[in-house]
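For reference, the structure is listed below as structure tokens.
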Amino acid sequence: MAIIPNNHLTTNFEDKLKIGKYSFKSRLIVGTGKYPDFVTMQKAIELSGAEIITVAIRRIDFEQKENMLSFIDQDKYTLLPNTAGCFTAEDAVSTIRLSRELGIFKTDLVKLEVIGDPKTLYPDNEELLKAAKILVKEGFTVMPYIIDDPIVAKKLEDIGCPVVMPLASPIGSGLGIRNPYNLKIIKETVSIPVIVDAGVGTASDAAKTMELGVDGILMNTAIAGATDPLNMALAMNYAVKAGRLAFLSGRIPMKLYASASTQMEGIVF
Amino acid sequence: MLIYVNDKEINLNENLTITQLIDSLNLNIESTAAAVNKEIVPKAKYAEFILKDKDRLDLVTIAPGG
């Protein structure tokens with residue numbers, strides 16, 4: 001049984017995630033994959049506090065009796081179609097064009113991933129840049145999934161992507177942040193938001209990621225694959241908020257030696 | 001005639017449109033997109049697009065994903 005989110009856990013300032021012409025209160029984006037059923041998915045999404053949720057575009061499964069859409073309140077959530085499983089720019093562009101023909105997406109936001117290798121699921125930068133150029137030209141708000149490479153991030157910004165989404169570690173690996181320094185360099189290199197996509201394993205990973213100063217996190221497996229996805233969704237909700245607040249609050253510098261918290265004046269013995 | 005819907009062989013009457021096929025499969029046209037022989041067909045054309053023998057039709061919708 002999940003704990004009810006505390007409504008007091010809100011900040012008293014405007015701190016919105018801006019992606020192109022859109023803005024969101026939540027800095028956590030969640031996927032819809034790997035849940036045991038749609039009811040668990042629906043509850044986990046709600047507890048995560050996310051406003052954007054990713055979905056794939058796939059051939060209709062004639063055996064599937066439940067309609068996934070009926071578990072998603074589209075007045076509450078922004079659906080983000082992805083190009084998961086595409087290995088070429090051509091396939092990724094076709095998938096996005098096909099998603100547009102569905103006529104169910106209320107924004108032009110798309111998550112672009114062009115995979116280069118099935119084992120690591122690392123992106124193919126060349127194909128990714130090619131696809132991004134075409135889709136930006138066609139008017140989509142392109143959110144590209146990238147490796148933690150500042151050069152590719154800059155190229156995508158120059159093409160017209162309003163956000164870049166570098167991985168923390170491979171998709172579904174749960175390894176956490178393998179290279180925090182590169183994420184920091186990406187954040188300094190581009191002037192668009194940076195959303196860390198993939199690799200987060202648990203709440204401390206999410207908090208640490210946000211403490212680096214990135215603008216948001218996209219995750220799926222860390223929640224859906226947890227023993228208790230509902231409470232993990234809530235944990236991630238808190239962790240992203242905690243990490244963001246800690247970043248904005250400015251942490252104390254690290255020192256080798258102690259610095260007493262209690263004043264010495266007035267000491268008796 | 002024989003057509004392939006998501007790689008599955010289906011025998012159909014001649015002169016069937018995409019709209020008629022979607023209806024006959026009890027699918028929701030609102031959340032379905034179609035490509036014929038890998039060419040995307042705009043939804044506005046479903047009602048007039050007549051399927052031909054050996055056409056390969058892909059019908060897609062949203063699915064779980066990250």
Side-chain angles (χ1 to χ4, degrees), chain A residues 29-38 41 53-72 74 79-85 90-91 93-105 111 113 121 145 171-172 197-198 218-225, chain B:
Chain A
I29 301 173
V30 294
T32 54
K34 298 183 179 172
Y35 284 100
D37 52 71
F38 287 139
M41 175 200 81
I53 57 178
T54 61
V55 294
I57 306 300
R58 289 288 180 269
R59 282 172 165 174
I60 292 172
D61 175 3
F62 300 119
E63 307 302 315
Q64 175 64 259
K65 298 287 171 240
E66 290 180 314
N67 179 1
M68 184 179 171
L69 260 185
S70 62
F71 292 87
I72 299 165
Q74 280 217 72
L79 282 182
L80 179 65
N82 72 20
T83 60
E90 197 187 342
D91 287 353
V93 168
S94 296
T95 300
I96 292 302
R97 286 176 182 156
L98 200 53
S99 80
R100 183 172 48 192
E101 287 309 318
L102 278 172
I104 57 172
F105 298 108
K111 176 183 162 179
E113 50 184 300
L121 295 178
Y145 156 71
I171 295 172
D197 179 0
L218 192 162
M219 67 174 80
N220 189 155
T221 309
I223 297 174
Chain B
M1 65 174 179
L2 178 84
I3 70 157
Y4 299 89
V5 181
N6 293 354
D7 279 347
K8 202 174 144 193
E9 286 183 14
I10 296 187
N11 274 302
L12 296 168
N13 297 329
E14 303 283 325
N15 298 325
L16 201 74
T17 66
I18 295 179
T19 300
Q20 287 166 331
L21 177 73
I22 288 174
D23 287 345
S24 72
L25 292 169
N26 289 320
L27 299 174
N28 181 0
I29 200 161
E30 298 301 320
S31 53
T32 303
V36 176
N37 303 322
K38 301 288 173 195
E39 291 288 324
I40 297 168
V41 182
K43 203 171 257 187
K45 301 259 169 126
Y46 289 2
E48 60 193 60
F49 193 106
I50 294 165
L51 294 160
K52 297 186 304 293
D53 189 40
K54 303 278 191 302
D55 270 347
R56 301 195 80 95
L57 176 66
D58 285 311
L59 293 176
V60 306
T61 190
I62 62 162

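Below, read A as the first sequence line, B as the second, and so on, with proteins coming before strands; counting in each chain starts at 1.
Residue with the most contacts toward chain B among A:Leu98, A:Asn82, A:Ile57, A:Thr221: A:Leu98 (heavy-atom pairs, distance under 4.5 Å). Considering only heavy-atom pairs separated by less than 4.5 Å from chain B, the leading option among A:Leu102, A:Asn220, A:Ile104 is A:Leu102. By number of non-hydrogen pairs under 4.5 angstrom with chain B, the leading residue of A:Met68, A:Met219, A:Arg59, A:Arg58 is A:Arg59. Interface check for chain A: of the options B:Val5, B:Asp7, B:Ile29, the most heavy-atom pairs under 4.5 Å are formed by B:Asp7.
Neither the backbone nor the side chain of A:Gln64 comes within contact range of chain B; no heavy atom of the residue lies under 4.5 Å from a heavy atom of that chain. For a residue to count as touching a neighbouring chain, one of its non-hydrogen atoms must lie under 4.5 Å from one of that chain's; by this rule B:Ala44 does not touch chain A. Only the side chain of A:Phe38 comes within contact range of chain B, with at least one heavy atom under 4.5 Å from a heavy atom of that chain. With a threshold of 4.5 angstrom between heavy atoms, A:Tyr35 does not approach chain B through any atom at all.
Residues of residues 17-26 of chain B lying under 4.5 angstrom from chain A, judged on non-hydrogen atoms, are B:Leu25 in numerical order. Residues of residues 56-66 of chain B placed with any heavy atom under 4.5 Å of a heavy atom in chain A are listed by number as B:Asp58, B:Leu59, B:Val60, B:Thr61, B:Ile62, B:Ala63, B:Pro64, B:Gly65, B:Gly66.
The line from CG of B:Leu27 to CD1 of A:Ile60 is 4.5 Å long, rounded to the nearest 0.5 Å.
By the 4.5 Å heavy-atom criterion applied to side chains, A:Arg100 and B:Ile40 are not counted as neighbours.
Considering all non-hydrogen atoms of both residues, A:Gly103 and B:Lys43 come closest at N-NZ, 4.4 Å. A:Glu101 approaches B:Pro42 most closely through the heavy-atom pair OE1-CA, 3.2 Å.
The 12-atom threshold is exceeded at CD of A:Gln74, counting heavy atoms of other residues, nucleotides or ligands nearer than 6.0 Å. For CG of A:Asp37, the number of neighbouring non-hydrogen atoms (other residues, nucleotides, ligands) closer than 6.0 Å is greater than 12.
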